[in-house]
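Heads up: the structure comes next, in structure tokens.
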Amino acid sequence: MKRWGPPFGFLLIALAAALYYQQNQASSRSGFPAPDFTLKDLDGRPYRLSDLRGKIVFLNVWATWCAPCRFEMPSMEALHRRLHGDDFAMLAISEDEDGAAAVRPFVQQMGLTFPVLLDSEGTVPPRYGVTGFPETFVIDREGRVIQHFIGPADWESSTAIEFFEHLMNEHRGATQASADHAHTAN
């Protein structure tokens, strides 16, 4: 039986330390104002992040060559189909250097219906402190990053859906309470 030597053990420890560091960095990358940007989608329509104020924004930074990114796209599509509307917006920012030539076939193959924006110049990752792909930022109605996820996730899981529905209902409840208070004050 072959025994794994010291190099394997060192590699395993180094990988665990890198993962721990990256997750620690992710937790410290929330609670800040989301840097604004304007990027175009595959049809050339501009999207400006600040135009989405008042919505919960799911902002995903990815690339077509990234296997974990490809893995999570179907669950992102499922989440988008379930929640899109007045209270929720999903933006996927492609960091592919080849732009639309690389992204359009992928989007068509996957049947994605949420906006896919092109950032072939790589302007967004440094503004958000992105260290790899995929990374997802959840932005609240006031334009603040309130959650940051590193790596792929199952966005159609009950936990993810409950998380986003809770965020969306928080605002609805606060708005209703304000309306009720105003009505009783009159």
Heavy-atom nearest pair, Asp96 first then Ala63, reads OD2-CA, 3.4 Å
Between the CZ atom in Arg81 and the CE atom in Met76, the distance rounded to the nearest 0.5 Å is 13.0 Å
Interatomic distance, CH2@Trp62 vs CD@Glu135, rounded to 0.5 Å, equals 15.5 Å
- Assess the pair Phe149 and Trp155: is the distance between their ring centroids shorter than 6.0 Å? yes
CZ (Phe106) and SG (Cys69) are apart, to the nearest 0.5 Å, by 8.0 Å
| Taking the six-membered ring for Trp, are Phe137 and His148 parallel (under 30°), tilted (30 to 60°) or perpendicular (over 60°)? | parallel
Basic-acidic side-chain contact under 4.0 Å: Asp36, Arg127:
no
Kindly indicate, with the supporting measurements, whether the criterion side-chain contact (heavy atoms from CB on, under 4.5 Å) is fulfilled by Ile139 and Leu59.
-> CA-CA 8 Å; Ile139 302 168; Leu59 179 68; 4.0 Å; yes
Under the side-chain hydrogen bond (donor to acceptor under 3.5 Å, both in side chains) criterion, do Glu170 and His166 qualify, and how do the steps go?
CA-CA 6 Å; Glu170 253 181 8; His166 173 75; 3.1 Å; yes
**OP:** Check whether Phe32 and Val124 end up in the same hydrophobic cluster, where Ile, Leu, Val, Met, Phe, Trp and Tyr are linked by side-chain heavy atoms less than 4.5 Å apart.
**Re:** yes
Check: Under a 4.5 Å cut-off applied to non-hydrogen side-chain atoms, are Val107 and Arg104 in contact?
Finding: no
Heavy-atom closest pair (Phe37 atom, Pro35 atom, distance to 0.1 Å) is CD2-O, 3.7 Å
Residues Pro126 and Gly122: closest non-hydrogen pair is CD-O, 3.3 Å
Quiz item: Is there a donor-acceptor pair under 3.5 Å between the side chain of Glu72 and the backbone N or O of Ala153?
Solution: yes
To the nearest 0.5 Å, atom OG of Ser94 lies from atom CG of Asp41 at 12.0 Å
With Leu112 as partner, the option from Gln109, Gln108, Met110 fulfilling side chain to side chain contact (heavy atoms under 4.5 Å, CB included) is Met110
- [ ] Compare all side-chain heavy atoms of Val138 with those of Val57 and state whether any distance is below 4.5 angstrom.
- [x] no
Counting only N and O atoms by type, is there a donor-acceptor contact under 3.5 Å from the side chain of Arg45 to the main-chain atoms of Pro115? no
*Thr38 and Tyr47: side-chain contact (heavy atoms from CB on, under 4.5 Å), yes or no, with the steps?*
CA-CA 5 Å; Thr38 301; Tyr47 281 76; over 6 Å; no
message: Pair Phe114, Leu79 - check side-chain contact (heavy atoms from CB on, under 4.5 Å), show working.
response: CA-CA 10 Å; Phe114 50 82; Leu79 181 68; over 6 Å; no
Has Glu77 got a side-chain atom pairing as donor or acceptor with Thr113's backbone, closer than 3.5 angstrom? yes
Residues Glu165, Arg82; criterion salt bridge (charged side-chain N to carboxylate O under 4.0 Å, His left out); working and verdict:
CA-CA 10 Å; Glu165 286 178 341; Arg82 180 170 180 142; 3.6 Å; yes
**Q.** Parallel, tilted or perpendicular: ring planes of Phe58 versus Phe88, cut at 30 and 60 degrees
**A.** tilted
Taking side chain as C-beta onward, heavy atoms only, is Leu118 less than 4.5 Å from Leu39?
no
Look at Asp140 together with Arg144 and state whether they make a salt bridge at an N to O cut-off of under 4.0 Å. no
Between the CG atom in Asp119 and the NZ atom in Lys40, the distance rounded to the nearest 0.5 Å is 13.0 Å
So CG of Leu91 and OG1 of Thr136: to nearest 0.5 Å the spacing works out to 11.5 Å
Here the pair of heavy atoms bringing Glu95 nearest to Val61 is CG-CG1, 3.7 Å
Heavy atoms of Pro152 and Pro68 approach each other most closely as CB-O, 3.5 Å
Please check if Val130 and Trp65 belong to a single hydrophobic cluster, counting links between Ile, Leu, Val, Met, Phe, Trp and Tyr side chain heavy atoms closer than 4.5 Å. yes
| Check against side-chain contact (heavy atoms from CB on, under 4.5 Å), Ile56 and Asp87 | CA-CA 6 Å; Ile56 300 298; Asp87 288 338; 5.7 Å; no
| task | Flag the pair Ile146 / Ser30 as yes when at least one side-chain heavy-atom distance between them is below 4.5 Å, and no otherwise. | result | no
All heavy atoms of Met73 vs all of Asn60, minimum pair found to be CE-OD1, 4.1 Å
Exercise. Evaluate whether atom CG of Asp43 has more than 12 neighbouring non-hydrogen atoms of other residues, nucleotides or ligands under 6.0 angstrom away.
Key: yes
